[in-house]
Amino acid sequence: MTCLTTIEQIVANCLPQKSDKRGLAVMGFLTLGNRFFNNAHNVIDDWIDMVFRGTQALTIVCARFHDHKFAPNPSAEYYSLYGVFSDSS
């Protein structure tokens, strides 16, 4: 069993594939989450939340609606990530 990097877990479908396609199984990190009746905005919000909680131990979902005075993640950062995820979905 190999140890997977965070990049492999998030963008496995964009990496060069060998004849062994087992690496695509790690896409479950994002694709097996809640689908919210296929509401794209809520699905992307869930992806951003999963990545931030899993990699930085932070919640960022409230940045979707407002900034906090001392929060490490402003709304601008949330929406820049939203753009990345919406372009790649």
Side-chain angles (χ1 to χ4, degrees):
M1 187 167 139
T2 61
C3 183
L4 299 171
T5 67
T6 304
I7 293 171
E8 288 173 320
Q9 291 185 26
I10 296 172
V11 295
N13 63 328
C14 297
L15 298 174
Q17 296 297 315
K18 301 174 185 141
S19 61
D20 181 10
K21 303 278 188 210
R22 287 184 291 175
L24 291 176
V26 298
M27 287 296 293
F29 181 74
L30 294 178
T31 58
L32 294 179
N34 293 325
R35 298 309 299 174
F36 301 104
F37 302 109
N38 288 326
N39 181 332
H41 301 297
N42 290 338
V43 171
I44 293 170
D45 183 57
D46 189 51
W47 290 349
I48 292 170
D49 186 45
M50 281 191 295
V51 169
F52 258 75
R53 282 187 290 137
T55 61
Q56 298 184 14
L58 291 171
T59 58
I60 190 172
V61 291
C62 68
R64 180 179 180 183
F65 304 106
H66 59 270
D67 286 329
H68 289 275
K69 188 172 184 178
F70 298 108
N73 306 104
S75 291
E77 184 174 329
Y78 172 87
Y79 283 103
S80 65
L81 287 168
Y82 185 94
V84 169
F85 279 101
S86 68
D87 286 344
S88 62
S89 62

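- Within the structure, salt bridge (charged side-chain N to carboxylate O under 4.0 Å, His left out) contacts touching residues 47-66 (residues at least two apart or in different chains) are Asp45-Arg64, Asp49-Arg53.
- With values rounded to the nearest 0.5 angstrom, Tyr79 atom OH is found 11.5 Å from Ser86 atom OG.
- Nearest heavy atoms, Ser75 versus Ala63: OG-O, 2.7 Å.
- The aromatic rings of Tyr82 and His41 sit parallel to each other, their planes meeting at less than 30°, with 60° as the upper class boundary.
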Begin with the C-alpha distance, continue with both residues' side-chain angles, and end with the deciding distance and a verdict on side-chain contact (heavy atoms from CB on, under 4.5 Å) for Ile60 and Val51. CA-CA 10 Å; Ile60 190 172; Val51 169; over 6 Å; no
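- Residues Phe52 and Val61 have side chains not in contact (no heavy-atom distance under 4.5 Å, counting atoms from C-beta outward).
- No side-chain heavy atom of Tyr78 sits less than 4.5 Å from a side-chain heavy atom of Asn73.
- Note that CD1 of Ile44 is 8.5 Å distant from CG of Asp87, once rounded to the nearest 0.5 Å.
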Between Val43 and Asn38, does the side-chain contact (heavy atoms from CB on, under 4.5 Å) criterion hold? Intermediate values first, please. CA-CA 7 Å; Val43 171; Asn38 288 326; 5.5 Å; no
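- Under the ring pair (Phe, Tyr, Trp, His ring centres under 6.0 Å) criterion, His68 pairs with His66, sequence neighbours left out.
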